[in-house]
4 protein chains.
Amino acid sequence: MSRPRSDEKRKAILDAATRVIVTQGLSAPTAGIAKEAGVANGSLFTYFETKAELFNQLYLELKADMANAALTDLRPGVDPRQQLFQVWQRWMAWAMACPDKRRALAQLDVYGEITPETRAAGHRTMAAIADLLEDIRTHGSMRKVPMGFVVALLNSIAEATILAMAQDPAHARKRSNEGFDALWRAVA
Amino acid sequence: MSRPRSDEKRKAILDAATRVIVTQGLSAPTAGIAKEAGVANGSLFTYFETKAELFNQLYLELKADMANAALTDLRPGVDPRQQLFQVWQRWMAWAMACPDKRRALAQLDVYGEITPETRAAGHRTMAAIADLLEDIRTHGSMRKVPMGFVVALLNSIAEATILAMAQDPAHARKRSNEGFDALWRAVA
Amino acid sequence: MSRPRSDEKRKAILDAATRVIVTQGLSAPTAGIAKEAGVANGSLFTYFETKAELFNQLYLELKADMANAALTDLRPGVDPRQQLFQVWQRWMAWAMACPDKRRALAQLDVYGEITPETRAAGHRTMAAIADLLEDIRTHGSMRKVPMGFVVALLNSIAEATILAMAQDPAHARKRSNEGFDALWRAVA
Amino acid sequence: MSRPRSDEKRKAILDAATRVIVTQGLSAPTAGIAKEAGVANGSLFTYFETKAELFNQLYLELKADMANAALTDLRPGVDPRQQLFQVWQRWMAWAMACPDKRRALAQLDVYGEITPETRAAGHRTMAAIADLLEDIRTHGSMRKVPMGFVVALLNSIAEATILAMAQDPAHARKRSNEGFDALWRAVA
DNA sequence: CATGAATGAGCGTTCATTCAT
DNA sequence: GATGAATGAACGCTCATTCAT
C-alpha cells in the first residue's frame, strides 16, 4: 500500500559497499557507500540499521556467494579427491573472477564488529565443503586431528593460494594446482 | 630529525600501542595510546610523525620480535627437518607466550596503511627462515614452486595453527605438532 | 483544506502525542507519536501540517480540557469565594486525575513554537475564570492591579500547588486547601 | 607546562550559551554556541563533556548569579519583612538588568537533562532566602504548611511578577511592589 | 623536549517532511 | 486517503594533528 522496500536497492547498497570497501577500506563513510549506490545517505539506514549491520550482512552475502560458487555442480558420488579438486578449482575461479568480492571479504573477516552469530552463519554456508573434507580427513593422515583445525588449514592454504594467484595472474592456473597439491598432501 | 631523546618513551608508546590495539582495535585513538604509555598525547607525535608511522614501526618491531624468537639458537649444521621443527616450536611458543603481540601483529597485518616498504622490511627479518625453507624446498615436492608461494604457505599454516592453539590452549602442544606435520607434508 | 476524514484518527494522534511528550519530551520524533497512535508516520502529516501545528493544537486541546473541567457546574449566583473555591477544587482534581495531560501541557507551555495566537486562544478558554476573578479583584486588595497580572498570579500559584500535590499525593487535599488559602489572601 | 585551560574561555562559552539559548532555544546547535563564543566547536567539548553537561553547569551558574544578586548586603538583624523586601527588590532588579540570564534560566529549568543533583545544588544557592522565609513562615498563617511548598509559592509568585515586569517595563516598579504585597499576604 | 589545550574536518545517525504506490 | 520508503540537512561528538606555553 506504499512503496515497498526494494530488494534492488538493498543489493545496490551491498554492491556499492563491496566496491567502496575495496578502495577505501572498512572506515569508508556510509555516505560514500550510499552515494555509490545511488541512494540518499539516510536511505542506507532504512535497509541496514547501522554500519555494523550492513557489514555483517555483506559478510554473509559474500561468504554465501563464495560457497555457492565453490559448490556448484558438486557430484556426491565420485572420488573425494576429484570432488575436492572441483570445489577448489571453482573456488579459485570465483576468487579470480570477483576480485572485489574477495578483497572485501578479506577485509570484513577482520572487521571488529562481525558478530559470532554472523561468523557461525558464514561457516554454515560452507558446511558442504566441510562434509566433503571430513570424509577425506577420516581416511588420511589427519584422522586424529580435530575437524575444525583441518578446515582452518584448508582455508588458510586457499587464502595463500588466492593471494599468490592475484599477485601473478599469468600463472594463476599453475598456482592453483600447486596449492591444491600442497593441500592434498597436508590433509589427505 | 635526529633520534628523539628518550628511547624508553618510544618503547613505552610501542608497548602501549600493542596493548591498546588488542583491546580496541586499529581505530583506537592515539590519545588513548599516549595515556596508556603515560605520556601526553602531543608527545606521541614527537616520536612518531603520524599514527600510520607509529603502526608501521610497531609492525616491524613485532615482526622482528617474532622472527628473533623463532630463530634463537638455530644451529645451521643439523638436519633441515630438525632445524625447521625447532624454528616452528619456538615460533609457536612465542605466539603462546606473547598473545598480545601476536594479536596486535595480526591486526596490523591488515592495516591499510602499512607500506610496501614496511612489509618488505618485515619479510627481511624472516630471511633466515626463508633460507632454511629454500633448502627444504629444492629437495622436495615443491622443487618447481616459486619460493614466495612456499613462504606464504608456511605463514598461512602457522597462522592457522596459532589460532587453533589459542582457541584450545590445553591441546596447544598437540596442535603445534599436527600443524608441523601438515606443513612438512605440504612443503617437503 | 477541508476537515480530514477521520476525527477519530485525529484524536488518536493527539492522545498519543500527550503520552509520548510525557515520556520523551517535546523532542520526541513524530514517527514515535504516529506509531503510538497506530497510524503511519506519513498520515500524521495529513492531520497536522507540521510538528509545530500538532503541538499548537494539542496545547489548545489540553488547555480547553482543563478549563472545561474547572468550570463544570459553576453556579453564577453564589458567593465569589465559594465559586472560586469550586473552580480551584475542580482544577486540582483534574490535574491529579489526568497527570499526563497536565505534564504534557506544562511542557508545551515552554515549547518554542507555540504561537501568540494559540496562546491567546488558550487564554480565552479560561475567560470564565478570569471573569470570576475580575469580580473578586475589584472588591479586594488588588483593586488597582491590572487584571492580567492577577490572572498570572492565579496561574502561578495553581501550578505550584499542583506540583506540590503531585510530589506528595498523600497530602494532596491538604496542599490544595493551603494553596487556595494563599491564593485568596493574595488576591482577595 | 602547557597552555592552561582558560577560565576566560569557559566563561565565554557559558555567556555565549546564555545568549544563544535566548534566541534559539535549548535545541541550539553546540557549533553555534562555540562560534558565538569565538572558539572552535571541538573546544567546547574540552570545557564541557557534553551539551547536557554544559547546560547543567550554566543552570547552576545562572542560579548562583541570581541568588548572589538577591542576597547582596542582606542584614540579618532587621525586621524580616524589610529583609524579604530587600531580597525581593534585588531579585527583581537582577531580572530586569539581565533579561538574557533570566530567560535562559527559565528555559533551562525545563530542560529534560538537568540532573537532580544540579537542581539540588541550585536550591542550595538560595538557602539563605529559604532561611529567611522559614523565619517568616513560622510566625504567620503558613505556620503549618511545609516549607518546601512555601518556597515553591515564593518562586512561582516571583516568576509571575518578573514576567509581568518584562511585559510592561514602564510599570516594572509598580508590578514589583504589587507582587511583593501579594506574596506577603500569601505567606506571612 | 614535554604538555595538553586548540582546531576543525569528518562521521554515524536521526528525523521532519515529501512522495510513489 | 493511507502507507511507509525516500530524502538530505542537521547534529553531537571524536580525533589526528598542531601549537602555545
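Protein chains get the first letters and strands the later ones, always in sequence-line order, with residue 1 at the start of each. Just so it is clear, the values below take in all heavy atoms, side chains as well, and ignore hydrogens, waters and symmetry mates. Bear in mind the structure is a predicted one, so any value in this text is a computation, not a measurement.
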message = For a side chain to side chain contact (heavy atoms under 4.5 Å, CB included) check, start with the C-alpha distance between Met66(C) and Arg102(C), then their side-chain angles and the critical distance, and finish with the verdict.
response = CA-CA 8 Å; Met66(C) 184 178 90; Arg102(C) 166 179 59 83; over 6 Å; no
request  = List the steps and the verdict of side chain to side chain contact (heavy atoms under 4.5 Å, CB included) for Ile13(D) and Leu58(D).
outcome  = CA-CA 9 Å; Ile13(D) 294 170; Leu58(D) 180 56; over 6 Å; no
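At dA6(F), none of the side-chain N or O atoms of Arg3(A) fall inside 4.0 Å of OP1 or OP2 (strictly under the cut-off).
Here the side chain of Asp100(C) pairs no donor or acceptor atom with the backbone of Val22(C) at under 3.5 angstrom.
Going from atom CD of Glu113(D) over to atom OG1 of Thr118(D) covers 11.0 Å, rounded to the nearest 0.5 Å.
Residues passing the side chain to side chain donor-acceptor pair (under 3.5 Å) test with Gln107(D), sequence neighbours excluded: none. In this structure Asp65(A) satisfies the salt bridge (charged side-chain N to carboxylate O under 4.0 Å, His left out) test together with Lys101(A), sequence neighbours excluded. Applying the side chain to side chain donor-acceptor pair (under 3.5 Å) criterion to Glu159(C), with sequence neighbours excluded, gives no partner residue. In this structure Arg119(C) satisfies the salt bridge (charged side-chain N to carboxylate O under 4.0 Å, His left out) test together with Asp109(C), sequence neighbours excluded. Legend: residues meeting side chain to side chain donor-acceptor pair (under 3.5 Å) with Thr125(B), ordered by chain and number and at least two apart, are absent.
The closest side-chain heavy-atom distance from Asn56(C) to Leu108(C) is not below 4.5 Å.
Using a 4.0 Å cutoff on non-hydrogen atoms, the parts of residues 46-55 of chain A near DNA chain F are Thr46(A), Tyr47(A), ordered by number. Within residues 32-44 of chain C, the residues approached by DNA chain F to less than 4.0 Å at the level of any non-hydrogen atom are Ala40(C), Asn41(C), Gly42(C), Ser43(C), in residue-number order. A heavy atom lying under 4.0 Å from DNA chain E marks the following residues of residues 14-30 of chain A, by number: Ala28(A), Pro29(A), Thr30(A).
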request  = For DNA chain E, just give me the dot-bracket, please: Watson-Crick or G-U, both distances below 3.5 Å, ( ) intra-strand, [ ] crossing earlier pairs, | paired with another strand, . unpaired.
outcome  = .||||||||||||||||||||
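Rounded to a whole Å, the CG atom of Asp7(D) is 12 Å from the P atom of dA6(E). As rounded to whole Å, 6 Å separates atom C1' of dA2(E) from atom NZ of Lys9(B). Separating the CD atom of Glu8(C) from the P atom of dG1(F) is a distance of 17 Å, rounded to the nearest angstrom. In this structure, Ile13(B) atom CD1 and dC1(E) atom C1' are separated by 13 Å, rounded to whole Å. Rounded to whole Å, the distance from CZ on Arg10(D) to P on dA5(E) is 14 Å.
Within the structure, ring-ring contact (aromatic ring centres under 6.0 Å, His included) contacts touching residues 100-122 of chain C (residues at least two apart or in different chains) are Phe55(C)-Tyr111(C).
The side chain of Phe45(B) sits closest to dT17(F) out of dT14(E), dA2(F), dT17(F).
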Residues 45-52 of chain A side chain polar contacts: donor-acceptor under 3.5 Å, at least two apart:
from: Thr46(A); atom 1: OG1; to: Ser43(A); atom 2: O; distance (Å): 2.7
from: Tyr47(A); atom 1: OH; to: Ser6(A); atom 2: N; distance (Å): 3.0
from: Thr50(A); atom 1: OG1; to: Ala52(A); atom 2: N; distance (Å): 3.4
from: Thr50(A); atom 1: OG1; to: Glu53(A); atom 2: N; distance (Å): 3.0
from: Lys51(A); atom 1: NZ; to: Leu26(A); atom 2: O; distance (Å): 3.1
from: Lys51(A); atom 1: NZ; to: Ala28(A); atom 2: O; distance (Å): 3.1

Can you give each donor-acceptor pair under 3.5 Å made by side-chain atoms of residues 30-38 of chain C, sequence neighbours left out, with the distance rounded to 0.1 Å?
from: Glu36(C); atom 1: OE2; to: Arg19(C); atom 2: NH1; distance (Å): 2.2

